[in-house]
Each structure stands twice: as structure tokens, then as C-alpha cells.
Amino acid sequence: MGRMDWAWKTIIEPFKIKSVEPLGFTTRSERETVLRDGGYNLFNVPADKVLIDLLTDSGTSAMSAEQWAGIMRGDESYAGARSFFRLQEVIRSLTGYREVIPVHQGRAAERILFQIIGGAGKTVIANSHFDTTRANVEVSGAEALDLPVAEAHQIDQPADFKGNMDTLALEAALKERGKDVPVVIMTVTNNSVGGQPVSMHNLREVSEICRHYKIPLLLDCARFAENAYFIKLREPGYAKRPVADIAREMFSYAQGCMMSAKKDALVNMGGFLALNDKELAKKAREVLIVGEGFTTYGGLAGRDLEAMAIGLQEILEEEYLSYRIRSIAYLADGLRRAQVPFIEPPGGHGVYVDAKRMLPHIPPEQYPGQALICELYRTGGIRGVEIGSLMFGRRRDGRFEPAAMELVRLAVPRRVYTQSHIDFVIEVFADLAARAASLRGLRLLEASEHLAHFTARLEPI
Ligand code: F0G
């Protein structure tokens, strides 16, 4: 709780709305046509035809009046723009890292980093790599190893910090092949296991182990503020600490970070790499100039740097974070009442519905998660994303290997939807849950070998 130290039940959005965008209302038959034309792949649905878009929380935030004012103030100088120095100052005081390198989005920071420190024979270890992080590690020739805690796999068992790393497994891995590990990464919050937070205790332990083996620790800090707020809510000793302090402590256990600013910096495009290591930063800037742009803008406009600097400060306002975390929990409460199973507890940026349990009659090779998002769209014009066998299953030589989980992520954009939008989502889900047994699976018609979910075409069975 921030300065509003009273205990009303209503979750008040801590903003009023100055500029609005119409929603895309459609009829059921229009949506049916859109689905058919798009090969039952929601990535092929024009956003105008979506009523509530929960595809991602990335780059979809509403900027504040202050950020829009910053857009006008942005300094567009090629080198040494005022907006860069402002951003650098904000990042330095938040993270403590001296070397600040702007990039156009998170995966650019990943590409630059692993181009330098990755390579064949190396192993990068993380609590869990996000997909693009894994892809950039693997493209470099290195192996990406996930070491999440065991609780991360128990979908219906709530735990406070399911985003943590298994520290015993980390010790064992470093003992065995520490010399081949260029970096350990902690993703905060841990998107791949359900937007779950990492505890300060776990960060500290991982940091001590890394120091012992002399391996740098970096944060993938796309959702650092949501993680810091969970620590405040859940970890003993942090309830009275300002979130900004908690975030600074988190950063203090690592030697650098890479950030997709499209999440917790409340901008539509942007990212950065921030480091202590001057030598590594020098190499990163060389790669940056070749592929992204000069060192003080890294593929962004000056106005983007300005908006990012402001967003990084606004995200730490406790009224905002209280609203953010409570409103995701509100969506989860509604789904729970409708008996929709999901990863417990809900994460910081969304709810991950368990399609395998909700649609037990649809086998993995008929993509229950995809069937669920298609029906969600058909019924209510709502768009979610499948994180299951369409995204992660393997199809080779006519054989099918399912993913470990069949999930549907409902990611909530920041400061975009109000409580009644969420009430609508809950209402549609309740309708769907009541007739879950009648839903049918999908047949895959065509898919590329890599990142199949973006281009796949399917048809109802
Ligand atoms: N790291 C994490 C933890 C992420 O969630 C993402 C993106 C990235 C890195 C890559 O950043 O998109 O700016 O290049 N996640 C988005 C999502 C795409 O929908 O979860 P990017």
C-alpha cells in the first residue's frame, strides 16, 4: 500500500483518462470469418477486430501525460543528446551500474551480449530463459540451461516465489562446468513459469554462489518493479521498505542487467543494457554501433529515451504497483470463481490458464490451448496467447512431442484496461467454462520449423 493508507475493497485505477481509443466491436459471424481467414491463429487477427487484447503486456502500455510531454522535449541530436544523459542518470541511480547502453528492445541487448560472451561449448544458466533470450544464446552456439525451483512446475500449488532458481542445481552445474559458464541470468519476474517473482533471499544466494565461482550474474529485468513489489508484499522484512529501495537492493546483487523497456518502463519501444564491467561495455558498444546505432541512442529516437526515463520512475509509484498487482489478482479471483484452472498464484503481468485441465478431452496433438483462445475470441473478441504444444511442441519426421504444459496466457497491458473490461473477460470465461466439454480441438495444417506459433495455420476438427 502506498500513501493511500486506507482499506477500501475497490481497486481504484490510479489515473484518470485524458485520451481514449475506441474498441473493436464485431459480430460473432465477423469473428468466425476472421478466425477462418487467419487459419485459427490469433497472430493473424487484425487488432481492429479484437475487443480486449491480452496477447501481451509488451509495448502495449498507456503512456502518461508526463511521458507524452517528454516525447515533445526529446532531444534528437545524433550524438550526446540531452535525453540520453537523462536516461543514463535515471538508470544509474536505479541500478548502480555505470555503463548504460540503450537498444531498441530487449532482444537487441540479448543479441549484443551473447554475440560477445556466447559461443559453442558455453552454457548460459538462468532461473528460466525467456524465448528470445534462449534463441539468442542458441544462435551464438551456446546452450541455454533452465534451473527453476521444483514448485515452478506445480501448477495448482501456490507458493510465494515460484520464480526462484534451484540453488543446489546451480552449485552442482557450476562445480561440473563452471569454466564454460560465461554468465548466470535471473529473470525478474520469471515470465516463462507464469510471471512469478524471485525472492531477495534467492537472489542473494545465487549471487553468493556466482561470486564463489567468479561468474557474473545479470538480471533480465523487464518486470523488475512488479518483482520488487511482490518482495514487499511477501518477503519478511520488506513490508515497510520503499519499492525503489527494494529494486536497488535487487540490482546490487548482480553486475548488470538487460531490460526490455516495453514492460516495466511503460514505453511502446525501447530497452537497454547496463553493466559494471567497462571492458564488456566497450565491446558491446562496438557491436551496438554496427547494428543498432550510435552509443547514445542505440536504435531509438531521442524522444523514446526521454519517455523511457520517465517511465522508469513512474513504475515505482506504489499506488500504481498496488493497483497493478491487485488488478491481476482480481482477474484471477474471477476466474477461480468460474472454476477456471490457472497457475497459482497469478503472476505480476497476467494469469496463465491451464488448458490441459480445463479441456481434458482435447489431447495435446489437438492443441487445447489454441482451441481455448480461438473460442475465447469467437465468444468475446478477447485475444490471449497459447503457450503450449503449438509454441513449444516438437514436430519432426511425422512425430509429435507435446510441450510440458498447455497454457493460455492472459497478459494485461499496463494502465490500459479498467475493472469493467476485466469483468467482461471474467464473464466470457464463465460462459466458456460452463460448456468446456463441448469445445473441439484443432488440426495443424502447416507450420514452420522454428517459432511455428507465429505462422501456423490450423482448422477445427
Ligand atoms: N525478457 C523477458 C523476460 C521478456 O518477457 C521479453 C519479452 C524479452 C526479454 C524480450 O524483450 O520483446 O523487448 O525484445 N516478452 C514479450 C512477452 C514479448 O510477450 O512476454 P523484447
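Between Tyr352 and Phe342, a ring centre-to-centre spacing not shorter than 6.0 Å is recorded. Ring centers of Phe161 and Phe230: at least 6.0 Å apart, outside the cut-off.
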* Between Met405 and Ile387, does a side chain to side chain contact (heavy atoms under 4.5 Å, CB included) hold up when you go through it step by step? -> CA-CA 8 Å; Met405 296 191 261; Ile387 306 182; over 6 Å; no
* Starting from the C-alpha separation in whole Å, work towards a yes-or-no answer on side chain to side chain contact (heavy atoms under 4.5 Å, CB included) for Phe400 and Arg396. => CA-CA 7 Å; Phe400 171 80; Arg396 222 169 275 151; over 6 Å; no
* Starting from the C-alpha separation in whole Å, work towards a yes-or-no answer on ring-ring contact (aromatic ring centres under 6.0 Å, His included) for Tyr297 and Phe84. => CA-CA 7 Å; Tyr297 73 85; Phe84 167 73; 9.9 Å; no
* Before giving the answer on side chain to side chain donor-acceptor pair (under 3.5 Å), spell out for Thr295 and Arg285 the whole-Å C-alpha distance, their side-chain angles and the decisive distance to 0.1 Å. => CA-CA 6 Å; Thr295 57; Arg285 288 192 181 102; 5.2 Å; no
* To do: May I have the step-by-step check of side chain to side chain contact (heavy atoms under 4.5 Å, CB included) for Ile310 and Glu314, ending in yes or no?
  => CA-CA 6 Å; Ile310 298 167; Glu314 288 182 353; 3.5 Å; yes
* Decide yes or no on side chain to side chain donor-acceptor pair (under 3.5 Å) for Asp75 and Ser83, but give the supporting numbers first. => CA-CA 6 Å; Asp75 177 358; Ser83 301; 5.7 Å; no
* side chain to side chain contact (heavy atoms under 4.5 Å, CB included) between His421 and Leu23, worked out -> CA-CA 11 Å; His421 292 121; Leu23 291 180; 3.7 Å; yes
* Would you sort out whether Asp57 and Arg223 count as a salt bridge (Lys or Arg N to Asp or Glu O under 4.0 Å), showing the intermediate values? => CA-CA 10 Å; Asp57 63 320; Arg223 301 178 181 85; 2.9 Å; yes
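Glu76 places a side-chain N or O within 3.5 Å of a backbone atom of Gly302 that can act as its donor or acceptor partner. Using a distance-only test at 3.5 Å, with no hydrogens or angles considered, a donor-acceptor pair links the side chain of Ser192 to the main chain of His129. Between the side chain of Asp304 and the backbone N or O of Ala301, at least one donor-acceptor pair lies under 3.5 Å. Of the possible donor and acceptor atoms, none in the side chain of Arg98 sits under 3.5 Å from a partner among the backbone N and O of Ala274. Listed for the Arg31 side chain is a donor-acceptor partner under 3.5 Å among the backbone atoms of Tyr377. The main-chain N or O of Val137 is never found under 3.5 Å from a side-chain atom of Glu110 such that the two would form a donor-acceptor pair. Proximity of a side-chain donor or acceptor of Glu446 to a complementary backbone N or O of Ala456 within less than 3.5 Å is not detected. Put simply, the side chain of Tyr417 gets close to the backbone of Asp53: a donor and an acceptor are under 3.5 Å apart. Looking only at distances, no side-chain donor or acceptor of Glu143 sits under 3.5 Å from a matching main-chain atom of Val124. Of the possible donor and acceptor atoms, one in the side chain of Lys162 sits under 3.5 Å from a partner among the backbone N and O of Glu344.
Atom-to-atom distance recorded for Ser199:OG and Asp160:CG is 9.0 Å, nearest 0.5 angstrom. If you take CG on Asp220 and CG on Asn191, they are separated by 9.0 Å, rounding to the nearest 0.5 Å. Going from atom CE of Met186 over to atom CG of Asn227 covers 9.0 Å, rounded to the nearest 0.5 Å.
Side chains of Val412 and Arg324 form a contact here, defined as non-hydrogen atoms less than 4.5 Å apart. Side-chain contact between Thr296 and Leu305: absent, with no pair of heavy atoms (C-beta onward) separated by less than 4.5 Å. Side-chain atoms of Val287 and Val290, non-hydrogen and from C-beta on, never get closer than 4.5 Å to each other. Residues Thr187 and Ile185 have side chains in contact (heavy-atom distance under 4.5 Å, counting atoms from C-beta outward). Side-chain contact between Leu55 and Phe43 is present, with heavy atoms from C-beta onward closer than 4.5 Å. Within the 4.5 Å cutoff, side-chain heavy atoms of Phe224 are placed close to those of Leu94. Between Gln67 and Val267 there is a side-chain heavy-atom pair separated by less than 4.5 Å.
A salt bridge between Arg409 and Glu386 is absent, with no side-chain N of the basic residue lying under 4.0 Å from a carboxylate O of the acidic one. Residues Glu318 and Lys232 are paired through a salt bridge, judged by an N-O separation under 4.0 Å between the basic side chain and the carboxylate. Between Lys122 and Asp180, no side-chain nitrogen of the basic residue sits less than 4.0 Å from a carboxylate oxygen of the acidic one, so the salt-bridge criterion is not met. Salt-bridge formation is detected for the pair Arg414/Glu226: a Lys NZ or Arg NE/NH1/NH2 atom is positioned less than 4.0 Å from an Asp or Glu carboxylate oxygen. Using a 4.0 Å cut-off between a side-chain N of Lys or Arg and a carboxylate O of Asp or Glu, Glu89 and Arg92 do not qualify as a salt bridge. Comment: Glu138 engages Arg134 in a salt bridge, judged by a side-chain N to carboxylate O separation of less than 4.0 angstrom.
Between Asn268 and Gly59 the shortest heavy-atom distance is ND2-O, 3.0 Å. Smallest separation of non-hydrogen atoms from Ala225 and Val243: O-CG1, 4.3 Å. Pairing each heavy atom of Ala247 with each of Ala228, the nearest pair is N-CB, 4.1 Å. Taking both residues in full, the closest heavy atoms of Gly70 and Glu306 are given as O-CG, 3.2 Å, listed atom of the first, atom of the second, then distance. Contact detail for Val103 and Ala108: the closest heavy-atom pair is CB-CB, 3.9 Å. In terms of heavy atoms, Leu217 sits closest to Ala254 at O-CB, 3.3 Å.
When only modelled atom types and interatomic distance are considered, Glu249 and Tyr253 share a side-chain donor-acceptor pair under 3.5 Å. A donor atom on one side chain and an acceptor atom on the other are not found under 3.5 Å apart for Gln196 and Thr189. Inspection of the Gln105 and Ser260 side chains reveals no N or O donor paired with an N or O acceptor under 3.5 Å. Under the 3.5 Å distance criterion, with hydrogens and angles disregarded, no donor-acceptor pair is assigned to the side chains of Thr418 and Glu13. Looking at Ser448 and Thr455, their side chains do bring a donor and an acceptor atom within 3.5 Å of each other. With hydrogens and angles left out, the side-chain atoms of His349 and Asp264 include no donor and acceptor closer than 3.5 Å. Side-chain polar atoms of Ser327 and Gln419 form no donor-acceptor pair below 3.5 angstrom. Between the side chains of Gln255 and Tyr97, no donor-acceptor pair is found at a separation under 3.5 Å. A donor and an acceptor atom, one from each side chain of Gln115 and Ser140, are nowhere located under 3.5 Å apart. Side-chain contact annotation: Glu235 with His201, donor-acceptor N/O pair under 3.5 Å absent. The closest side-chain donor-acceptor pair between Ser58 and Lys263 falls under 3.5 angstrom.
Residue Leu407 forms a side-chain contact (heavy atoms from CB on, under 4.5 Å) with just one option from Val385, Leu372, Val351, Ile343, and that option is Ile343.
Sparse packing is recorded around CZ of Arg303, with 12 or fewer heavy atoms of other residues, nucleotides or ligands lying under 6.0 Å away. Counting non-hydrogen atoms of neighbouring residues, nucleotides and ligands closer than 6.0 angstrom, the CZ atom of Arg395 exceeds 12 such neighbours.
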